[in-house]
Amino acid sequence: MNLGRLNHVGVATPSIEASIALYRDVLGATAIGEPFDLPAQGVRVCFVDTPNTQIELIEPLGDASPTRAFLEKNPAGGQHHLCYEVPDIHAAKAWFEGKGARVLGEPRIGAHGTPIFFVHPRDMGGVLTEIMETPKEAH
Ligand SMILES: CC[C@H](C(=O)O)C(=O)SCCNC(=O)CCNC(=O)[C@H](O)C(C)(C)COP(=O)(O)OP(=O)(O)OC[C@H]1O[C@@H](n2cnc3c(N)ncnc32)[C@H](O)[C@@H]1OP(=O)(O)O
Ligand SMILES: [Co+2]
């Protein structure tokens, strides 16, 4: 497997609205999507476009959100994960498992509507790593 495009940097925040103001007014973002809920993944999401990737703002949604523990440790929010694209999510899952890295759960549909999975940060040099199948239209 070859390292694919950095699709997004996940940034956890206690308030997407406050983060939108920061990215718009301080960082000068000009393309900020509408926030939307992903109940199945326990997050509210908002994408901020940059010239070469996206910032994925994620706010906890529901009590079981996987971002709650992160925000308890980092109340102001912070860098949460990196997401790389792959052409085939199932081949990528087999690749990481073959390398002895802990794949967290089965592939499920992520914020871009394609299958994703996460690899445990302890097996990724401390970086929670998301792998996402490249949207078909992008091939
Ligand atoms: C999928 C929709 C959307 C998309 O792009 O499509 C998203 O990206 S949604 C993003 C939110 N969803 C997730 O994060 C799912 C994957 N995450 C998990 O399964 C957990 O958060 C997990 C397993 C990474 C951590 O679980 P938990 O927080 O309950 O365990 P601990 O607090 O004990 O942490 C264990 C260990 O990992 C370190 N840790 C936790 N979170 C992170 C992080 N974001 N980056 C780096 N390291 C992290 C934590 O400090 C502990 O380390 P230790 O050395 O044991 O103290
Ligand atoms: Co993500």
Side-chain angles (χ1 to χ4, degrees):
M1 191 192 91
N2 299 324
L3 188 59
R5 175 177 175 268
L6 179 67
N7 180 273
H8 63 265
V9 176
V11 173
T13 174
S15 163
I16 272 186
E17 298 312 321
S19 293
I20 286 172
L22 171 68
Y23 279 80
R24 182 189 61 229
D25 302 339
V26 180
L27 282 158
T30 54
I32 301 179
E34 280 302 310
F36 59 96
D37 290 351
L38 273 183
Q41 307 303 335
V43 287
R44 182 164 173 72
V45 178
C46 177
F47 282 107
V48 178
D49 292 347
T50 76
N52 59 346
T53 187
Q54 290 182 306
I55 300 301
E56 181 187 67
L57 299 173
I58 49 175
E59 182 185 298
L61 183 68
D63 295 337
S65 173
T67 55
R68 286 211 182 279
F70 182 90
L71 285 171
E72 278 161 21
K73 291 183 183 172
N74 310 276
Q79 284 170 255
H80 184 264
H81 64 276
L82 297 181
C83 180
Y84 300 100
E85 292 181 17
V86 294
D88 179 331
I89 198 74
H90 298 292
K93 180 171 184 287
W95 169 271
F96 282 98
E97 287 170 337
K99 295 292 183 183
R102 278 166 287 181
V103 171
L104 299 167
E106 289 302 314
R108 62 244 195 225
I109 299 303
H112 281 303
T114 65
I116 62 102
F117 62 77
F118 287 88
V119 188
H120 201 286
R122 286 205 201 111
D123 300 326
M124 289 283 112
V127 178
L128 175 60
T129 300
E130 179 182 351
I131 301 299
M132 167 193 147
E133 189 165 279
T134 303
K136 292 291 179 266
E137 68 275 3
H139 278 303

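Both counts, for ligands and for their atoms, begin at 1 and track the order of listing. Positions are given from 1 along the sequence. Values in this document were obtained by computation on a predicted structure and should not be read as measured data.
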- request: To the nearest 10 degrees, calculate the angle at the Co ion (ligand 2) involving NE2 of His81 and OE1 of Glu56.
  value: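 That angle is 90°.
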[X]: heavy atom below 4.0 Å from ligand 1, yes or no?
X: Met132; value: no
X: Gln79; value: no
X: Lys73; value: yes

message: Below 4.0 Å, non-hydrogen atoms only: which portion of Leu38 touches ligand 1? Side chain, backbone, both or neither.
response: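 Side chain only.
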- prompt: Should the proximity of Pro121 to ligand 1, defined as any heavy atom under 4.0 Å, be assigned to the side chain, the backbone, both, or neither?
  reply: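 For Pro121, only side-chain atoms sit under 4.0 Å from ligand 1.
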- request: Would you check the N or O atoms of His81, main chain and side chain alike, for any that come under 3.5 Å of an N or O of ligand 1?
  value: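 Between His81 and ligand 1, an N or O pair is found under 3.5 Å apart.
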- prompt: Are any of the N or O atoms of Glu130 closer than 3.5 Å to those of ligand 1?
  reply: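 Yes; at least one N/O pair falls below 3.5 Å.
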- prompt: Looking only at side chains, do Glu133 and Thr114 share a donor and an acceptor under 3.5 Å apart?
  reply: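 Not at all, the side chains of Glu133 and Thr114 share no donor-acceptor pair under 3.5 Å.
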task: Answer with yes or no whether the side chains of His80 and Glu56 bring together a donor and an acceptor at under 3.5 Å.
output: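 Checked: Glu56/His80 side chains show no N/O donor-acceptor pair below 3.5 Å.
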query: Mind checking whether Ile89 and Ile131 have side chains closer than 4.5 Å, heavy atoms only?
result: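 Sidechains of Ile131 and Ile89: in contact.
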message: Quick check on contacts: which atoms of ligand 1 are under 4.0 angstrom from a heavy atom of Gly126?
response: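 Atoms satisfying the 4.0 Å criterion: 46 (C), 47 (N).
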